[in-house]
Every structure is written in C-alpha cells, then in structure tokens.
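Contents: one structure, followed by commentary.
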Amino acid sequence: MVTATKKKMVQWDPADVKAELIKKYPPKVARKRAKQIMINEALENETPEITANVRTTPGIITMRGCTYAGCKGVIMGPTRDIVNLVHGPIGCSFYAWLTRRNQTDAGPDGDNFINYCFSTDMQEQDIIFGGEKKLAAAVQEIYDLMHPKSIAIFATCPVGLIGDDIHTVAKNMKDKLGDCNVYAFSCEGYKGVSQSAGHHIANNQVFRHIVGENDTPTEGEFKINLLGEYNIGGDGFEIDRIFKKCGITNIATFSGNSTYDQFATAHQADLNAVMCHRSINYVADMLETKFGIPWIKVNFIGANATAKSLRKIAAYFEDQALIDRVEAVIKEEMPEVETAVADIRSRTEGKTAMLFVGGSRAHHYQELFKEVGMKIISAGYEFAHRDDYEGRQVLPNLKVDADSRNIEEIEVEADATRFKPRKTPVQLVALEDAGVKFKHYDGLAPDMEEGTLIIDDLNQYEAEKLVEIMKPDIFCAGIKEKFSIMKLGVPMKQLHSYDSGGPYAGFQGAINFYHEIDRLTSSKVWTYLKAPWQESPELTAAYVWE
Ligand code: CFM
C-alpha cells in the first residue's frame with residue numbers, strides 16, 4: 001500500500017498535478033485558480049506569493065462558510081454564559097445549533113446557555129415591515145427567562161438587506177435592562193468573502209464591549225490568555241489540564257468554554273498565547289496596544305509542539321521554578337506519548353496525508369502526522385490570508401481590496417490608566433535572542449516540503465481530482481467533503497468537528513489522534529471500495545461548453 005502510494009507520487013510532477021486541476025476551467029477561472037495553487041519551495045520568508053482571502057468564483061462549490069458562521073458560530077458560539085440571539089430566519093439558527101462540537105462545562109456558577117437555540121424566527125412580514133420590534137421583544141423575553149449577564153445579537157443576510165438597526169435596538173435594551181450588556185454584530189453572511197470576516201467582526205465587538213470591563217483582581221502567579229482556542233472535542237480542557245499542572249493561570253480562553261467575566265478580566269494577563277493565528281491575531285495586537293501585553297504564537301496540536309509551547313511560555317516569565325515545573329510535566333507526560341508512537345509508527349511511517357481545513361489546522365495538524373512518520377503531500381486553508389501561508393513578514397505588503405476594506409479595523413490607543421508594559425525593551429530583546437519571538441508567525445509554507453502543493457480555497461471538483469491523481473492514505477477536511485472523498489476509497493478524517501472524537505490537543509490529545517489515524521489508515525475496508533473511475537472508466541463528467 002505504501003509503495004503503491006509512493007509510486008503514484010513519483011509519476012506526478014507537481015506542475016502536472018496543478019495543470020490537471022485547472023485544465024477544465026474556462027480560461028479566466030483557470031488563471032485565477034492558478035494563483036491560488038502554489039508549488040511549495042519551502043523557503044523561509046521568501047515563499048512565492050499565493051493569492052488568498054479573495055472571493056470564490058460563483059458556481060464553484062467552495063469549502064468555505066459565511067461571515068455569520070465565522071462570527072456567531074466560531075467566535076461567540078463557544079461562550080457559555082452569553083446568550084447568542086440570531087436575528088433572522090430560523091434556518092440560520094437551526095443549522096448552527098450545536099454542530100461545531102465546541103464543548104462547555106457549566107462550572108461552579110452553572111451558567112451555560114449553549115444548549116439553547118435563540119432566534120427571532122423572522123417571517124415574510126418582518127422582512128416587509130421590519131424586524132426591530134420583534135428583536136427588542138426577543139431580548140426582553142430572554143432577559144425575563146434567563147437573566148444572563150449579556151446578550152449578543154447576530155445579523156443574518158436579510159437583516160442587512162432590509163436595514164434593521166440592530167445596534168440601536170441593542171443599545172436601547174442595554175439601557176432598559178440595566179444589568180445586562182447587550183450588543184450586536186453586523187455579521188451578515190455576505191459581508192465578507194468567508195467566515196474570516198466574521199471572526200474580525202466578532203472580535204472587534206468583544207474587544208469594544210467586554211474586554212477590560214472588570215477590574216476586580218484575578219488570582220494567579222503566571223497569568224496568560226489563550227487566544228484562538230475553541231475547545232473543539234474538548235481540546236481546551238486538555239490544554240487547561242496541562243496549564244494547571246504547570247502552575248500557569250489561564251485567565252481567558254478566546255473563546256472555548258469562555259465566560260463573560262473571562263473576557264472582561266483578560267486585560268490582567270501578562271502574556272497572550274495565540275493558538276489560531278487566523279481568527280484572532282488582531283486581538284493580540286489590540287491587547288498589546290491598549291494594555292501592554294505582549295503576544296507569542298503557540299501550538300498545542302502535537303506532543304512536541306505542546307512541549308515547545310509550554311517551554312516558550314515558561315521562558316517568557318523568566319522564573320526558574322516555573323521552568324523546572326514545565327520540564328517536570330513534559331517528562332511526566334511524554335513516556336505515554338512515546339509508547340503510543342512506538343506502537344503505531346511501523347504502520348504509519350511513509351504514508352501520505354492531505355489537509356484542507358479552515359485557517360490554521362491545515363498547518364497545526366502537520367505536527368501530529370509528522371510525529372507518526374507521515375508525509376503531507378498537499379495542504380491548504382479555506383479562508384486564511386497570505387500571512388497564514390507565507391508568514392507575517394508579508395503583512396506590510398498585503399493589498400487591501402474592497403472586500404477587506406468592508407471590515408472595520410478598530411483604532412486602539414494605550415489605556416490612560418491601565419496600560420502597563422509587561423517587559424522592558426531590554427528584556428524583550430533578550431527574550432527574542434533566547435528564541436521567544438514576539439508577534440511572530442512563519443505560516444504554513446516553510447513547514448511543508450519542497451514540491452508539495454499548497455492550495456487556497458480548494459473546491460469540491462479539485463478535491464476529488466487531487467485525490468484521484470495523488471491517492472493520499474488519508475484526506476482531512478470537513479463534513480461537506482467527507483462522503484465524496486470516502487466514495488473515492490480514501491479514508492477521511494474531519495478536522496473541524498473531529499467526527500465524534502477528540503480531544504486532539506496536548507499530550508493526551510496527541511495519543512488519541514495517533515490511534516485514530518492508525519485505525520483509519522490501517523483499516524482494510526478501503527481496499528474493498530472501488531472508485532467509480534476504476535469500475536467504469538468511461539464515467540467522467542464534462543462541462544457543457546466542452
Ligand atoms: Fe481557527 Fe478554528 Fe481554524 Fe477557524 Fe473554523 Fe474550527 Fe477550522 Mo472549522 S477558528 S481558523 S473558522 S482553528 S470552525 S476551531 S476547525 S474552519 S481550521
């Protein structure tokens with residue numbers, strides 16, 4: 001099986017694969033897609049340019065989601081004590097109801113509204129006559145029933161089209177209720193080219209309306225925020241377990257299993273550790289500008305990456321007791337990881353994987369595959385920006401197009417009373433010299449081998465073509481891709497929802513993932529499946545213009 005895959009690869013030059021992927025497109029579409037398909041040169045800071053964060057060509061079946069999904073589903077969805085009220089037709093709520101597997105634990109206060117589905121259930125008459133009164137009534141009803149600390153209102157496409165002023169409704173209701181913070185998000189699905197715009201809209205409002213609202217001192221010696229971790233399949237629980245063991249206090253996770261008060265006290269942390277760069281890097285920048293908290297990139301996907309990230313955090317605090325404790329924890333956790341790798345590696349070594357996920361996992365999960373000796377032959381993001389592929393050094397040269405200009409950039413200044421640099425400039429330089437790089441992310445490309453294919457906004461047609469040509473041993477993406485890939489006789493793992501698995505973060509998570517990949521890539525069941533073109537080679541589709 002392994003040799004067969006390798007043979008298959010040798011037959012294909014990446015340039016041929018690229019040509020094959022775009023061969024059937026009309027010339028204009030082919031030209032555009034060619035810029036989004038990069039043959040990797042694995043050069044740090046000199047990667048050739050990839051086109052990213054641009055509109056998907058209409059008619060192409062993209063893997064992307066909408067702006068509302070990025071705002072309500074991704075960023076605000078995992079907050080457990082903020083009621084998420086969707087202003088829109090019921091479908092927008094129903095299909096977003098508990099489908100992301102961001103887990104929550106009600107904790108000692110018991111507040112957890114995540115199981116509920118709140119919607120204004122807009123009807124035709126609301127579209128014609130306006131839905132503001134209905135929205136205000138829904139906020140009142142939620143308040144009377146639940147008495148939450150906070151209510152977040154989300155706009156769906158029709159709200160933007162008919163022009164309901166959700167921000168004024170939110171403000172009026174906040175004033176009326178007195179003890180409930182109500183704010184709204186103009187996150188209509190069409191607002192940006194993908195869910196990435198929704199992340200930005202959500203984070204701006206969290207920063208504007210919640211962060212820094214609570215100055216009650218928080219306990220803890222080494223205080224951090226974990227930014228861009230959404231507790232899918234319990235990942236955040238595993239990371240918190242490790243932090244606790246190390247004596248690191250996680251004030252706020254943005255936003256897995258988060259609470260209103262976590263966000264409100266986040267300005268008290270001394271370091272921001274950024275997990276998913278795509279969805280939140282600008283919040284890290286804003287927290288630094290306003291409160292003086294530096295940020296570093298971390299990755300808790302992969303046992304080695306987890307150890308490295310813990311060491312980085314400990315190094316930042318420059319405290320020998322913490323450094324020793326982190327080393328002790330790594331020493332305690334790693335033997336079980338190593339035993340699992342030793343058991344599995346003989347079966348997974350040399351096998352190949354493809355990863356097409358969101359805006360960070362297509363990079364982070366490469367760590368786990370490498371730990372069991374697998375190769376990534378192609379990967380890409382759905383909606384990442386160029387810095388996520390090529391590294392943050394490209395940021396000053398990024399073109400701001402009309403779609404990006406549509407998304408607000410908040411102007412932030414140092415807080416008059418609460419801005420406090422956590423380190424002196426001399427300390428920062430010394431830490432940089434010691435390898436703790438601030439505001440730094442190299443992106444996915446330098447970590448991938450030369451000649452691998454990096455593809456932005458892969459679509460249904462190209463995914464199937466790619467699998468057909470390169471036959472990976474496993475393909476990782478989401479639910480929309482799952483069954484079409486499995487029908488091609490290739491095991492498929494969902495890296496958004498984890499199917500029903502997880503956690504995959506941290507040390508215990510890594511072990512879970514190795515077993516899952518071993519099970520999927522070693523299973524005989526896939527050899528019984530015949531791809532349609534194997535059974536009937538005449539079965540190929542053609543475009544109408546051909
Ligand atoms: Fe960040 Fe995410 Fe991702 Fe993302 Fe997402 Fe997700 Fe994702 Mo699905 S925030 S960019 S918008 S790591 S929901 S938890 S798995 S596409 S790679």
Side-chain angles (χ1 to χ4, degrees), residues 52-53 62-79 95-104 187 189 191-203 206 226-239 253-258 273-284 297-302 305 354-368 379-389 441 443-444 455-458 476-482 492-499 501-505 509 513:
N53 191 33
T62 174
M63 293 178 176
R64 285 173 168 175
C66 68
T67 300
Y68 156 79
C71 180
K72 191 268 176 192
V74 175
I75 305 294
M76 298 309 288
T79 58
Y95 292 108
W97 187 16
L98 298 180
T99 48
R100 186 158 168 261
R101 299 195 71 239
N102 36 245
Q103 298 187 0
T104 48
C187 58
K191 207 62 181 267
V193 301
S194 69
Q195 51 269 63
S196 168
H199 304 152
H200 211 139
I201 293 164
N203 283 317
V206 168
L226 182 60
L227 268 53
E229 161 48 52
Y230 301 93
N231 204 22
I232 310 296
D235 277 351
F237 293 148
E238 165 65 1
I239 299 171
T253 299
F254 285 66
S255 59
N257 192 37
S258 56
V274 175
M275 186 67 187
C276 167
H277 176 265
R278 177 63 273 132
S279 60
I280 206 156
N281 66 84
Y282 34 85
V283 172
K297 175 79 179 70
V298 292
N299 175 21
F300 290 100
I301 302 295
M354 288 182 181
L355 285 83
F356 290 94
V357 211
S360 80
R361 292 190 173 179
H363 184 196
H364 287 165
Y365 273 79
Q366 300 201 10
E367 293 280 343
L368 280 169
Y381 299 124
E382 290 166 45
F383 51 75
H385 301 199
R386 274 186 58 205
D387 41 323
D388 305 296
Y389 287 105
Y441 179 45
L444 160 151
I455 309 178
D456 181 63
D457 189 15
L458 188 79
C476 301
I479 186 67
K480 300 197 289 293
E481 295 74 53
K482 187 169 181 75
M492 199 282 178
K493 176 68 187 169
Q494 288 192 69
L495 280 191
H496 301 260
S497 71
Y498 300 163
D499 295 296
Y504 296 139
F513 196 74

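Atoms within each ligand, like the ligands themselves, are counted from 1 in listed order.
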List every atom of ligand 1 that sits less than 4.0 Å from any heavy atom of Gly358, numbering the atoms from 1 in the order shown and giving each element.
-> 7 (Fe), 16 (S), 17 (S)
Please write down residue, atom name and distance for the protein heavy atom closest to atom 9 (S) of ligand 1.
-> Tyr230 CE1, 3.3 Å
For Gly236, does its backbone N or O pair with a side-chain atom of Asn231 as donor and acceptor, under 3.5 Å?
-> yes
closest protein heavy atom to atom 1 (Fe) of ligand 1 is Cys276 SG, 2.2 Å
Around atom 4 (Fe) of ligand 1, find the nearest protein heavy atom and jot down its residue, atom name and distance.
-> Phe383 CZ, 3.8 Å
For atom 13 (S) of ligand 1, closest protein heavy-atom neighbour | Arg100 NE, 3.0 Å
Which residue from Glu382, His199, Glu229 reaches closest to atom 11 (S) of ligand 1 through any of its heavy atoms?
-> His199
Side chain Asp388, main chain Ser360, donor-acceptor under 3.5 Å | no
Lys482: side chain to side chain donor-acceptor pair (under 3.5 Å) partners, not counting sequence neighbours = Asp499
Contacting atoms of ligand 1, where contact means under 4.0 angstrom from a heavy atom of Ser279 = 1 (Fe), 9 (S)
State which residue, out of Ser279, Ser255, Ser258, fulfils the side chain to side chain donor-acceptor pair (under 3.5 Å) condition with Tyr230.
-> Ser279
Can you tell me the protein heavy atom closest to atom 10 (S) of ligand 1 and the distance?
-> Gly359 N, 3.3 Å
Per-atom contacts, ligand 1 versus Ser360 - under 4.0 Å to a heavy atom | 1 (Fe), 3 (Fe), 10 (S), 12 (S), 17 (S)
For atom 8 (Mo) of ligand 1, grab the closest protein heavy atom and report residue, atom and distance to one decimal in Å.
-> His496 ND1, 2.3 Å
The atoms of ligand 1 lying under 4.0 Å from a heavy atom of Val74, numbered in the order shown, are 9 (S), 11 (S), 13 (S)
Looking at Ile232, which atoms of ligand 1 are within less than 4.0 Å of one of its heavy atoms?
-> 14 (S)
